[in-house]
Every structure is written in C-alpha cells, then in structure tokens.
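Accompanying notes for the structure given below.
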Amino acid sequence: MPKDFFALMKGELLVGLLIIVLLFLKIGNKQRSNETLLRLINGLLLFNLAAGFFCIRPGNLFGNSFQTDPLRILEKNMLSLGTLIISLQAYDWLRQHKHVVEFYILLLSTLLGMFFMISAGNLLLFFVGLELSTIPLAALVNFDLDKKPSSEAAIKFILSSAFSSGLLLFGISMLYGTTGTIEFAILPQRLDGDPLQLFSMILVLTGFAFKISVVPFHLWTADVYEGAPVAVTSYLSVVSKAAILFVLTPVLYTVFKSPGDTWVPILFLLSILTIIVGNLFALRQQNMKRFLAFSSISQMGFILIGIGGQSAEGRSAVIYFLLIYIFSNLGAFGVVALMSARAGRERIDDYKGFYKSHPALSWVLAISLFSLAGIPPTAGFFGKFFLLLAGAGKAHYWLIALAALNMVISLYYYLRIVKAMFMDESREPVEKMRTGMPAKIALTVCVGGILVTGLASGAYQYMHSLIAR
Amino acid sequence: MNLSLLILLPFLTSLALLVCKGDKPVRLVAAAGSFLQVGACVVLLCLYWKERASGNTAEMLFQNDPVWYAPLGIHYHTGVDGISVAMLLLTSLIVFAGVLVSWNLKMLSKEFFFLLLLLSAGAYGFFVSLDLFTMFFFLEMAVIPKFLLIGIWGSSTATSKEYAATKLVLMLMGGSALVFVGLAGIYFQAGAGRGMHSFDLLQIARMNIPVETQKWIFPFIFIGFGVFAALFPFHTWVPDGHSSAPTAASMFLAGISMKLGGYGCLRVATYLLPAAAHYYSGVIVLLSAIAILYGAFATMMQTDLKYINAYSSVSHCGFVLLGIGMLTQTSINGAVLQMVSHGLMTALFFACIGMIYDRTHTRAVAKLGGLLKMMPFLSTAFVLAGLCSLGLPGLSGFVAELTVFMGSWQRVDAFYRWATIAACGSIVVTAVYILRAVGQTIMGGGGSAVRDQAGALKDAAWNERLAIAILVIGIVVIGVAPFWLNGLIAPAGESIMLRVVGAAH
C-alpha cells in the first residue's frame with residue numbers, strides 16, 4: 001500500500017466510511033427518531049465538507065489511475081457543499097419519510113461515484129465512477145414511494161442513463177481499439193485524426209451530452225425532474241451535472257485537445273440550440289419543477305459556451321459558474337422544496353401573492369432567480385459574463401450576440417415568477433408556513449453565496465490560479 | 001476624494017433602511033441618506049474646481065484603480081471629469097427630490113426607498129466608472145429595481161403596469177446585451193496581438209483599434225446605449241414605462257436613466273471608437289432628427305399629462321443624440337448641457353404631474369383646469385417646467401438646445417444643415433403642445449375632476465415645496481449663468497473632440 005494512501009484518498013475514504021456508519025445505524029436495533037437521525041447525518045455531512053479543506057496535496061495512486069490535486073479537491077468540496085445544502089433543505093420532507101437512512105446511503109454512494117469520476121486517470125475508472133453515481137440516483141428518483149409519477153420518472157431516468165452509458169462505452173471501446181490505451185495522459189499523443197477516433201469522440205460527447213441534458217438529448221429531463229422528489233431534482237440538476245462537467249472540461253481540453261477544431265464548432269452549435277430550446281420551453285411552463293428543469297437546460301447551454309472558449313479562462317469560468325449555480329439553483333429549489341413539503345403546492349400560480357405572506361422567502365427566491373438570470377449585483381452576473389467572455393475569445397461574436405439576447409428571453413420567464421410573487425393577487429393564498437432551522441441555514445448560505453461570490457473576486461482568482469498552474 | 005463613497009452612501013442607506021421599523025424612520029433615513037449624497041456631490045464639485053484651478057490638467061481626476069479580477073484584467077477603476085461631475089450632481093439632486101415627493105407613500109415604503117436608493121447606487125457607479133466591466137455592472141444594476149418599482153407601486157393607464165414594467169426591463173436589458181457584445185469585441189480586439197486584454201477606458205483609448213473593427217463594434221454599443229437614451233426606433237419603452245411608474249421612479253427614469261444611455265454613447269461609443277463615430281455620423285443624425293420630430297408630433301396627440309411628458313422626453317433626448325452625432329465641439333457640449341437640463345426639467349415636470357394626480361386623481365388634460373387659483377405654488381412650478389421644456393430664454397432648456405443647434409450648424413454639408421433645420425422646427429411643435437397642455441390644466445374654469453373635489457385641493461406641502469425649489473433653482477441657475485456648467489463640461493468635451501478630430505485625419 002502506498003504510503004500516501006490515506007492522505008490522497010481521504011475524501012473517498014471518508015464518504016465510504018460514512019456509508020458504512022449509516023449501514024450500521026440501519027441494522028442496529030436501537031430505534032431513533034427521524035429528527036435525531038437527520039441532525040446526526042447533517043452533522044456528518046458538515047464534517048465531511050470541512051475535512052475537505054484540510055490536507056490538500058497532489059499525487060497519484062494505483063499506477064496513475066487515481067489522481068488528485070488541489071483543483072480536483074476543490075471540485076469535490078463543491079459537490080460536498082451542494083450535497084450538504086440539499087440535505088438541509090430536504091429536512092422537512094425526510095422528517096416524515098420511512099427510509100431516511102437508505103436515502104442517505106444512496107445519496108452518498110452517488111457522491112462517492114462522482115469523487116472517483118473526478119479523480120479518474122483513465123477511462124475505466126471514470127466509467128466505473130460514472131455508473132456508481134448514476135444507478136443509485138435512479139433509486140433516489142423513485143423515493144416518493146407512494147407516488148406513481150416518481151416511479152415513472154425513475155424508469156425514464158434509468159432507461160436514458162443506460163442508453164447514454166451504452167453510447168459512452170461504445171465510444172470508449174473504439175477509442176481503446178484505435179489507440180491501444182485508456183490512460184488520459186497517453187491518449188492525446190496517440191490521437192492522429194483517424195476518422196474512427198473522431199467517431200468515438202462524437203460518441204463520448206453524446207454520452208456526456210445525455211447526462212447534462214444538452215439539446216437534442218434533453219428529452220428525459222423535464223419528466224424526471226417533475227416526477228422526482230424536490231430534493232432529488234435539485235441534486236440531479238446541480239450536483240450530478242456539476243460532477244459531469246468537472247470531468248467533461250478536462251477531457252475535452254487535454255484528451256481531445258488535438259481535434260479541438262472539430263469539437264469547438266459542435267459545442268457552439270449544441271450550446272446555442274440548448275439555450276434556445278431550453279428558453280422556449282421554459283416560457284410556457286406552469287409547474288415550478290418543470291420550469292426549473294428547462295431553465296437548467298438553458299443554463300447548461302451557457303456553460304458549453306464557456307467550455308467552447310478552450311482556454312484557462314474558459315475552464316475557470318465553468319468551475320466558477322458551477323459554484324454560483326450551486327448557490328442560485330439550490331436557493332430557488334430550497335423555496336420550492338419548502339412549498340412542496342409544507343403546503344404541497346408546486347405550480348407557478350401558487351406563488352401569487354407570496355410576498356404578502358412570506359416576504360423573506362420571496363426575497364430569497366427572487367435573488368436566486370435574478371442570479372440565475374445574471375443580474376448584478378448577484379454572482380450570476382459575473383458567472384454569465386465570464387462564460388460569454390471566454391466564448392467570445394474564439395471570436396464567434398454572432399454566437400455571443402445570440403446568447404446575450406437569449407439572456408433577455410430568460411429574464412422574461414424568471415421575471416414571471418417575481419411578478420407572481422410581488423405583484424399578483426391570489427384567490428387562494430398559501431397559508432403562513434413555518435420555516436425550519438435547517439432550511440433557514442441552507443437558504444442563508446445560498447443567499448450569502450450569491451451575494452459574496454461575485455463581488456469578492458477571491459473564489460475566481462483561486463480557481464484560475466489552480467488551472468493556470 | 002474617494003469616489004467609492006458615492007456608491008457606498010446609497011448602499012449603506014438602503015441597508016440601514018432594512019433594519020428600520022415604521023414609515024417615519026424609513027423616510028427619515030432615506031431623506032438623510034439622499035441629502036448626504038447631495039452633500040457629497042457638492043463637496044466633489046468644489047474639490048474638482050479646486051484641483052482644476054490649481055492647474056491639474058489630467059483627463060480624469062480622483063482616480064483610484066484597485067484590481068478586481070486580476071486574471072481577466074478587470075479593475076475597479078474610478079475617476080471623474082467635468083461631464084461625470086455634472087451627471088453625478090444631477091443624479092443626487094433628482095434622487096433627493098424623488099425621496100421628498102414620495103414622502104407620504106404608505107404602501108411598502110421601506111421596499112420602495114430601498115429599491116430607489118439601489119437604483120441611485122447603480123447610477124453613481126455608472127458615472128464614476130472608468131472600466132468598461134464596472135460600467136456595465138452598474139448599468140445593469142440600475143435596471144431591475146425599475147421592474148419592481150413600476151410593477152408594485154405603478155399605476156395602470158392605457159396599458160397595465162405589469163406590461164409596462166416587463167417591456168421596459170426587457171428592452172433595456174436587450175440594449176445592455178448589445179452593449180455586452182460590443183464590450184467583448186473591444187476587449188479582444190483592442191489588445192489583439194499584444195496578448196494584453198483590458199477593459200480600462202483610458203488604456204483602450206491609447207490603443208488604436210483598427211477602423212474596420214470599430215465599424216462593426218460601434219453599432220452594437222451605440223444602439224445598446226441608444227435604447228436607454230430612447231434612440232428611434234427603440235424608444236417604445238419610454239411612454240409606457242414613464243407613464244406607469246410611480247412619481248419618483250418616473251423622475252429617475254426620465255431624469256437619470258435616459259442619461260445613462262446618452263453618457264454611454266458619448267463616453268464609450270464616441271470616445272473609444274472615434275473613427276466609427278465619423279462613419280456612422282449621418283445615420284445617428286438622421287435617427288435622432290426623426291426622434292425629435294416624431295416625438296414632438298406624437299406628443300401633440302396625447303391627452304394624458306404623463307404621456308405628454310414621456311413623448312416629449314423622446315423628443316428632447318433626441319437633441320442629446322443629435323448633439324453627439326454631429327461631432328463638433330459645441331454640439332457635444334450642447335448634448336451634455338441638454339442631458340443635465342432635460343434631467344432637471346423632466347424631473348420637475350413629473351414631480352408636478354405626480355402632485356396634481358395625488359390631489360385630483362386624474363391626469364387627463366380634459367378633466368383638469370383652473371388649478372392656478374387653488375394651488376398657486378404648484379401651478380407656477382408646472383408652468384416653469386413647461387416653459388423650460390419649450391426653450392424659453394432664461395431657463396436651462398434654451399441654453400442647451402441653442403448650443404446643440406449652434407454646434408450642429410457648424411457641419412456644413414447640406415444633409416446636416418437640413419437635419420438641423422428640421423430639429424429646430426420641432427421647437428414650434430413643442431410650444432404648441434406645452435402651451436396647450438399647461439394652459440388647459442391650470443387656467444380656465446376648472447375641469448370635471450377639479451370641480452368634484454374643489455375643497456380638497458391643497459397647495460404643495462413643505463416636502464413638495466422643497467423638492468420643487470431644488471429643481472427650479474437648478475433650471476434657473478443653468479439658464480441664467482450657463483457659463484458655470486459650461487466651464488465644467490467644456491474641457492471634458494474637448495478631450496473627446498480631440499480624439500474624434502484625430503481619428504478623422
């Protein structure tokens with residue numbers, strides 16, 4: 001066993017340990033109330049997040065198949081943060097649920113899979129990590145056990161993931177066949193522009209595109225998001241997508257660096273399609289979860305523009321935007337989760353007159369939506385600006401103009417909700433809901449993150465320094 | 001003087017508002033905060049004069065240039081020249097007057113003042129920024145609060161207030177999206193080949209952007225800012241937005257928000273892309289001449305006081321763009337004078353209309369009449385605003401418009417001459433609609449709305465008198481002693497002109 005084993009794999013080991021602890025909690029015969037369990041688990045997740053900030057050092061394990069460095073640790077910490085926030089927001093929903101511990105075992109398994117995926121040094125470990133992060137998610141989507149749409153969503157999710165994994169694996173096998181290696185480090189030297197390699201690259205890209213629901217591979221998204229419990233929806237739309245993007249960017253930037261001229265135009269085309277289709281569908285949605293699903297599709301399009309910049313600025317902009325996206329989307333989902341758990345309402349019309357009954361929650365939702373729309377002084381403005389600026393570095397100004405005008409369209413549908421909350425009168429207003437402490441903490445963190453991450457440039461500069469190194 | 005103070009003041013005031021309880025402390029804090037802003041701007045003006053008098057000829061004074069986003073070359077670069085000082089002073093006066101006229105607001109007053117001060121922070125930031133990124137940041141920050149201000153506190157007229165608010169915000173954001181594309185173009189093209197990208201206004205001014213590049217960037221930036229300044233045919237948000245907004249927001253919209261566009265056209269488009277400004281000069285002049293005439297004739301048909309002032313704002317802001325498009329030293333000075341003058345005049349107009357509406361609950365000219373007898377102070381201010389609008393000598397409108405015309409006449413080509421003559425012709429139309437509206441409203445026997453509540457019509461209260469007084473003093477001082485303001489802005493206009501002349505050869 002290498003001597004740095006524990007130090008280098010501490011993130012994965014800790015999450016694995018947490019899963020085992022939860023297993024013991026489950027099979028132990030002592031009865032605990034859900035509240036106690038949830039408090040304990042949230043504490044453990046907080047510990048997991050905090051531990052991520054210590055003992056950061058680069059290194060390789062298992063013959064380079066497991067790699068870690070400060071940037072990857074930062075990415076893992078972002079995922080841990082997202083998981084913690086979602087867990088806090090799910091408190092109200094899980095309190096009455098029968099299978100709290102199972103929920104967290106599955107959730108942490110997916111997190112472990114993402115960690116391995118990020119740290120993978122070859123295609124094999126990457127694929128294993130991806131599958132580990134996908135299959136438990138299907139079970140999570142089905143976690144509203146007595147609701148039919150939830151099972152339906154799970155079936156749709158597992159089918160589309162299986163299909164996309166198949167495409168990805170097909171691409172990987174062809175890549176291996178033409179180059180004779182699966183190592184990320186060696187692959188770029190063996191790529192010689194062989195058409196079969198380009199074909200495998202397209203397949204790999206398609207597999208990724210499915211997972212982050214890029215148009216035209218987005219069809220599963222809205223149905224799954226609507227059927228799944230809110231906590232799982234937010235996990236799907238934020239954490240799992242962030243993890244895939246954390247891998248997609250370096251794969252495109254290092255492994256497929258030489259065929260860059262091929263994938264950059266493809267990516268730009270996909271991005272603009274994604275933005276436009278996501279926007280057009282979001283315009284007409286009535287259900288809040290479907291609405292956020294389409295808005296998240298269009299956000300992915302903006303991220304692809306940043307990746308298409310193919311520069312250190314582009315990569316930092318992507319990671320930076322994802323951090324902001326965690327705060328903003330989870331801020332919005334937090335309020336939706338509360339409404340769903342406490343009042344059982346999920347339609348946009350249910351938010352009419354929300355400001356009269358819940359001023360604080362309305363501001364949280366409004367700030368989160370403004371951040372998603374990219375309005376200063378929220379962090380979303382900085383994130384979008386840097387993404388588009390990175391894309392403009394490739395001098396496709398027509399594309400940037402289209403994307404910028406699409407930001408105006410997206411503003412329209414975000415404002416629809418703001419209008420419903422602040423200006424419309426409701427015939428059947430929502431009764432005053434009590435906001436629990438965990439949800440309050442989560443929402444405060446989100447709003448704080450939205451307000452601080454942009455105005456203070458520290459986060460971006462840190463990411464850029466890690467990438468430019 | 002640290003210019004960040006000007007941004008911090010409204011920010012801190014709005015934060016202080018959040019902890020206030022009750023209407024009274026809220027408006028006291030808001031008034032104190034906006035009064036401090038006026039004070040800070042006056043101090044800035046004095047310091048600026050002092051620096052200039054002591055022989056400091058730097059283009060921008062009080063510069064401060066900390067790094068914000070180092071990897072992208074984004075700085076928080078602030079500094080002022082004469083034009084910015086004039087605009088800052090205008091902003092502070094209008095915000096203070098706006099707070100005063102909203103004194104008796106009952107509904108959600110805390111949120112109202114919070115958003116109003118947030119808007120003013122955006123405007124201050126925009127005027128002191130010397131970095132395109134920061135400028136863009138503050139430009140967009142001064143848009144969204146308007147949506148809430150109009151949507152929540154506005155009044156539905158011919159169109160619903162939600163429609164007006166959405167239209168305004170989407171059009172303005174569309175404008176800033178265009179500005180963004182232009183900024184990205186400047187960012188990558190200005191430093192092309194040297195590997196150094198910068199958003200810094202002064203640095204970019206030193207790097208010469210190739211003429212062909214300027215030609216494609218310029219339309220994005222000019223039209224983008226032009227949307228804010230009601231450039232024809234992107235002016236359609238103005239009538240709906242202005243007439244649906246609550247009084248203070250109307251004052252801010254017409255008085256400051258439209259000036260953000262004019263300032264941007266001058267400071268970013270013309271200053272950074274002078275060769276393209278020459279190239280497109282004819283188009284700008286044509287569009288602004290259309291805006292002037294079209295706005296004036298459209299006003300003739302209006303029957304609602306707020307619509308009258310909104311359409312006349314389109315016409316008056318046309319003079320700003322005409323002055324910028326003519327590209328002579330005098331016309332640019334005139335454009336800036338017109339920005340300040342129109343800002344004060346239109347704010348006064350909207351303030352008076354708001355007060356009349358509060359009392360009579362109508363803005364229809366046909367239902368009003370005979371107000372002069374019942375509310376002499378308010379009506380006199382209303383007349384003054386009208387006279388200023390039609391360009392009576394002795395008031396600021398005359399000075400500004402005359403300067404624009406004189407500057408325009410210096411362009412000798414037939415096309416520019418005709419455009420100038422056409423623009424001059426609008427003054428007659430202005431006189432017609434202003435005199436008709438003002439005359440019907442305050443003289444005569446009294447309309448139906450006035451007769452209904454004859455007893456309840458009281459003249460302006462102390463807060464309203466103070467607001468009116470501030471704005472009237474501004475108009476009269478500029479009208480009687482225009483050389484003060486001109487002395488402030490002329491050197492700055494000259495430095496812009498130097499670049500334009502340099503690019504022409």
Side-chain angles (χ1 to χ4, degrees), chain A residues 312-313 316-317 320 355-356 359 363 366 370 373-378 381-382 384-386 388-412 414-416 418-424 454-458 460-465 467-468, chain B residues 11 18 66-72 74 76 108 110-111 118 121-122 125 133-134 136-145 147-148 150-154 160-162 165-167 169-185 187-189 192 197 199 216-217 220 224:
Chain A
E313 283 71 32
S316 350
Y320 177 63
Y355 186 66
K356 288 231 173 67
W363 277 117
F370 284 146
I375 303 297
T378 61
F381 168 79
F382 296 86
K384 284 263 173 71
F385 193 101
F386 296 162
L388 292 185
L389 198 64
K394 284 275 177 195
H396 293 304
Y397 292 102
W398 58 270
L399 176 101
I400 301 307
L402 261 178
L405 289 174
N406 263 289
M407 279 181 71
V408 182
I409 300 180
S410 72
L411 180 65
Y412 171 74
Y414 291 122
L415 285 182
R416 249 180 84 203
V418 175
K419 172 176 164 289
M421 289 192 299
F422 286 85
M423 295 161 205
D424 290 346
L455 293 174
S457 57
Y460 179 83
Q461 293 188 2
Y462 177 65
M463 289 167 191
H464 190 273
S465 71
I467 288 163
Chain B
F11 247 130
L18 289 183
V67 180
W68 197 0
Y69 279 88
L72 295 169
I74 291 171
Y76 171 71
L108 301 175
K110 186 198 285 190
E111 286 86 345
L118 210 60
F133 177 84
T134 347
F136 185 69
F137 173 82
F138 286 114
L139 178 73
E140 289 214 329
M141 207 172 99
V143 172
I144 285 298
F147 176 75
L148 295 170
I150 297 177
I152 300 176
W153 293 274
S160 84
K161 59 185 180 179
E162 287 89 358
T166 314
K167 182 174 179 180
V169 166
L170 292 184
M171 284 194 73
L172 292 186
M173 290 310 269
S176 70
L178 294 180
V179 172
F180 168 76
V181 179
L183 292 193
Y187 178 72
F188 285 108
Q189 299 295 327
H197 298 312
F199 276 118
W216 76 257
I217 298 178
F220 280 105

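Numbers restart at 1 for each chain; the letters A, B, ... are given by sequence-line order, proteins then strands. Quantities reported herein were computed from a predicted structural model and do not represent experimental measurements.
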Separation of [Y] [atom2] from [X] [atom1] (nearest 0.5 Å):
{"X": "A/Tyr412", "Y": "B/Lys167", "atom1": "OH", "atom2": "NZ", "answer": "13.5 Å"}
{"X": "A/Trp363", "Y": "B/Glu111", "atom1": "CH2", "atom2": "CD", "answer": "6.5 Å"}
{"X": "A/Met423", "Y": "B/Leu148", "atom1": "CE", "atom2": "CG", "answer": "5.0 Å"}

| task | Sort out for me which residue in B/Leu178, B/Leu172, B/Val169, B/Leu170 forms a side-chain contact (heavy atoms from CB on, under 4.5 Å) with A/Val408. | result | B/Leu170
Output the option from [options] having the highest count of non-hydrogen pairs under 4.5 Å with chain B.
{"options": "A/Ala404, A/Ala456, A/Ser316, A/Ser465", "result": "A/Ala404"}
{"options": "A/Leu388, A/Leu455, A/Leu389, A/Ile375", "result": "A/Leu389"}
{"options": "A/Pro377, A/Gly458, A/Gly393, A/Ser457", "result": "A/Ser457"}
{"options": "A/Phe370, A/Phe422, A/Phe381, A/Tyr355", "result": "A/Phe381"}

At a heavy-atom distance under 4.5 Å, which candidate from [options] has the highest pair count against chain A?
{"options": "B/Met141, B/Met171, B/Met173", "answer": "B/Met141"}
{"options": "B/Val67, B/Ile144, B/Val181, B/Thr166", "answer": "B/Ile144"}
{"options": "B/Pro71, B/Gly151, B/Ala184", "answer": "B/Pro71"}

Fit a plane to each ring of [X] and [Y], take the angle between them on a 0 to 90° scale, and name the class: parallel (under 30°), tilted (30 to 60°) or perpendicular (over 60°).
{"X": "B/Phe133", "Y": "B/Trp68", "value": "perpendicular"}
{"X": "A/Phe386", "Y": "A/Tyr460", "value": "tilted"}
{"X": "A/Tyr397", "Y": "B/Trp216", "value": "tilted"}

Side chain, backbone, both or neither of [X] within contact of chain A (heavy atoms, under 4.5 Å):
{"X": "B/Phe147", "result": "both"}
{"X": "B/Leu108", "result": "side chain"}
{"X": "B/Ile74", "result": "side chain"}
{"X": "B/Leu72", "result": "side chain"}

| query | Does the side chain to side chain contact (heavy atoms under 4.5 Å, CB included) test come out yes or no for B/Phe180 and A/Ile400, once each step is laid out? | reply | CA-CA 9 Å; B/Phe180 168 76; A/Ile400 301 307; 3.4 Å; yes
| message | At a 4.5 Å cut-off on heavy atoms, which part of A/Ile409 comes close to chain B: side chain, backbone, both, or neither? | response | neither
